[in-house]
Undergrad: 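Would you mind keeping the following structure in view while I ask a few things?
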Amino acid sequence: MGKLNCTDYYMMDQLLSEEELMIQNATRDFVDNEVMPVITEAHRKGEFPKHLIPKIAELGYFGANLPQEYGCAGLGNVAYGLSLQELERGDSGVRSMCSVQGSLVMYPIYRWGSEEQRKFWLPKLAKAEKIGCFGLTEPDHGSDPGSMTTRAHKKGNKWVINGRKMWITNGTIADVAVVWAKDDENVIRGFLVEKGMKGYTAPETKGKWSLRASVTSELVFDDVEIDNTTHFLPGTKGLACPLGCLNQARYGISWGALGAAMNCYETALKYAGERLQFGNPIARYQIQQEKLVWMLTEITKGQLLSLQLGRLKDAEKMKHQQVSMAKRNNVWVARECTRLAREILGAAGIVDDYPIMRHMMNIESVYTYEGTHDMHTLIIGADITGLEAYRVSEDKKK
Amino acid sequence: MKIGVLLKQVPDTETKIKIRADGKGVEEGEIKWVINPYDEYAVEEALRLKEKAGGEVVIVSAGPARATEAIRQALAMGADRGIRIDTTGIEQDPYTTAVMLAGAAKNESFEIIFAGKQAVDDDCAQVLIGVAEKLGWPHVTPVEKFALSGKTATLQRPVAGGTKEMIEADLPVVVGCEKGLNEPRYASLPGIMKAKSKPVAELKASELLGTERARINVTKYSLPPERRAGKIIPGEPEAAAAELVRLLREEAKVI
């Protein structure tokens, strides 16, 4: 059997199939050869390395866990997770691109689109002939998307959309946006809005200190008219649909965050072995060892968490609260690892000769998007106590 | 066109080699195994030829069970099927390896065979030549450019001093692939998914070898001596240079 080509203290590779190992190895090679050499410069310039999109698509990373009949790779969920781990070891922006295209755009079309919509969109999105984005969050509605104000008014065989979405990955470069809006009965529905449609604009959000190698945008809908047959996702009904998409993406993030954590840990371990102070490598000193051991232990626990979650997902037994736990834990671990690695690297940790602060800044977004750390705490809390801490109505407060 | 590729699984080039206690081999436990990097050029060139001329790419490797992983990787890149000659319990040297691979190739009646110019583990660079000899074919190695027109291959080899040698060879021919010949593709995710259902046949080494036996007996492996720490000569450049020359002359006795 092959081996995992990454931090693997608990011989997790013994729990993986040959195919899963090959996919991890292949993605690692791809990231080492294609992403690592360009990512620092992309981050400096604040630009997404667009030339990577066709390469990533050609290798089958977009919607990789969706079925082959729609031009996708048909991966199991653990292989898919391992590939996202390696992509985020490169950069959270690159992994975000894949998560959005696959889990937030292709997945809802696959799950709630008509057969015509699936056949039309999925192969194109898999090949990156079309880029997608996902519009749920609004300027005033983040953790509470159910209170969204974007509206879709039915007018004959058309829908008219009005409203604004914010913090949308890929918005400006997207050819198609999966947009969530309330219909005339206040039910949340999903729509496809295409670039160039009258009244639709997607200005880029500037001045980011995080996910700099990724495009973030606002989406503005001003009387955008779309066709009911082709651009309304007929299976969508209620908040559960966009949340279902987020569960797919959160699952991937739980793996991805480990990739960023591993890159920090592996960098810090190497640095500590080479950096001499008081005549010894600093790896000899107990305080540095404690930091390295903490990182390794938490990464190992996170790996096992995501692995079992992936097995549950494949068996269709995964609960969304379990996804919350893995996303919450692993992103937190990554966040802590970036800081510990920065400490070990000392001053060297602040320059972009090393990936540490790039990951540190990226993870701040990941900590907040796709359900904040705190929201996931409350979701798990509600699950085990039966008491929701957040949707407390005015009546109950009294 | 039926295209053969000779492939060897070797330790990853970053592996820290440990010698076995009996000195007759290396510890395999911790090794991460990969396709010999030069063989990746061979796989890529074979796939490109197939894309132009049609046909089939068959990977042939002589090795223990783990060698199947390397074959699978080539299948994930796009090769059609594999053959592993099981060498468990066989004394393998470049000669026996060539005999076995040539035997397997003969059964397949390939029209052309690509191989890496050498394996990066033992660096013998003998097997592809041996295979050509046993098949009665010409071989050209190392090849940095390859083109095929009809049944005639045009091959470019580097010669000392930067000169290029252009060779024409009629098929069948064994081609030893050099770095720069091409840029090997990555295995795609669908490619990896397909690889598991592609057939890998197993042949017995003893049947291919008949009465042939290894001709090389390795008596002992040893690691190179550890490099001594370098010496830094302090001071102004001029004085330091003078001191460097003195040391090279008087201590190292190399000038």
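Chain identifiers are assigned alphabetically (A, B, ...) following the order of the sequence lines, protein sequences preceding nucleic acid strands; residue numbering begins at 1 within each chain. All of these numbers come straight from a predicted model, not from anything done at the bench.
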Undergrad: Any chance NZ of B:Lys145 has more than 12 other-residue heavy atoms, nucleotides or ligands included, within less than 6.0 Å?
TA: no

Undergrad: Side chain from CB out, backbone as N, CA, C, O: work out which of these in A:Asn25 comes under 4.5 Å of a heavy atom of chain B, or both, or neither.
TA: side chain

Undergrad: Under 6.0 Å from the CD atom of B:Glu51, do we count more than 12 heavy atoms belonging to anything else shown?
TA: yes

Undergrad: Surrounding NZ of B:Lys198 (heavy atoms of other residues, nucleotides or ligands, distance under 6.0 Å), is the total greater than 12?
TA: yes

Undergrad: Any non-hydrogen side-chain atom of A:Tyr80 less than 4.5 Å from a side-chain atom of B:Leu189?
TA: no

Undergrad: How about B:Glu183: does its CD atom have over 12 heavy atoms from other parts shown lying under 6.0 Å from it?
TA: no

Undergrad: Quick check for you: to the nearest 0.5 Å, what is the distance between B:Lys32 atom NZ and A:Asn5 atom CG?
TA: 4.5 Å

Undergrad: Is it the case that over 12 heavy atoms from other parts of the model lie below 6.0 angstrom from the CD atom of B:Glu30?
TA: no

Undergrad: More than 12 heavy atoms of other residues, nucleotides or ligands under 6.0 Å from CD of A:Glu115: yes or no?
TA: yes

Undergrad: Report, as yes or no, whether the 6.0 Å neighbourhood of atom NZ on B:Lys16 holds more than 12 heavy atoms from other residues, nucleotides or ligands.
TA: no

Undergrad: What part of B:Gln9 is in contact with chain A, defined as an atom under 4.5 angstrom from a non-hydrogen atom: side chain, backbone, both or neither?
TA: neither

Undergrad: Tell me, which pairs form a side chain to side chain donor-acceptor pair (under 3.5 Å) where one or both residues lie in residues 71-81 of chain B, sequence neighbours left out?
TA: B:Lys50-B:Asp80, B:Glu56-B:Arg81, B:Arg81-B:Glu108

Undergrad: Using a 4.5 angstrom heavy-atom cutoff, name the option from B:Asp12, B:Ile192, B:Thr68 with the most pairs to chain A.
TA: B:Ile192

Undergrad: Checking A:Asn33 against B:Tyr186 for the side-chain contact (heavy atoms from CB on, under 4.5 Å) test, could you report, in this order, the C-alpha distance in whole Å, the side-chain angles of both residues, the deciding distance, and whether it holds?
TA: CA-CA 10 Å; A:Asn33 296 330; B:Tyr186 297 101; 3.0 Å; yes

Undergrad: Heavy atoms under 4.5 Å from chain B: which residues of residues 54-73 of chain A carry them?
TA: A:Glu58, A:Leu59, A:Gly60, A:Tyr61, A:Ala64, A:Gln68, A:Ala73

Undergrad: Indicate the atoms forming the closest heavy-atom contact of B:Ile31 with A:Lys3, along with that distance.
TA: O-CE, 3.3 Å

Undergrad: When you look at OH of A:Tyr110, are more than 12 heavy atoms from neighbouring residues, nucleotides or ligands closer to it than 6.0 Å?
TA: no

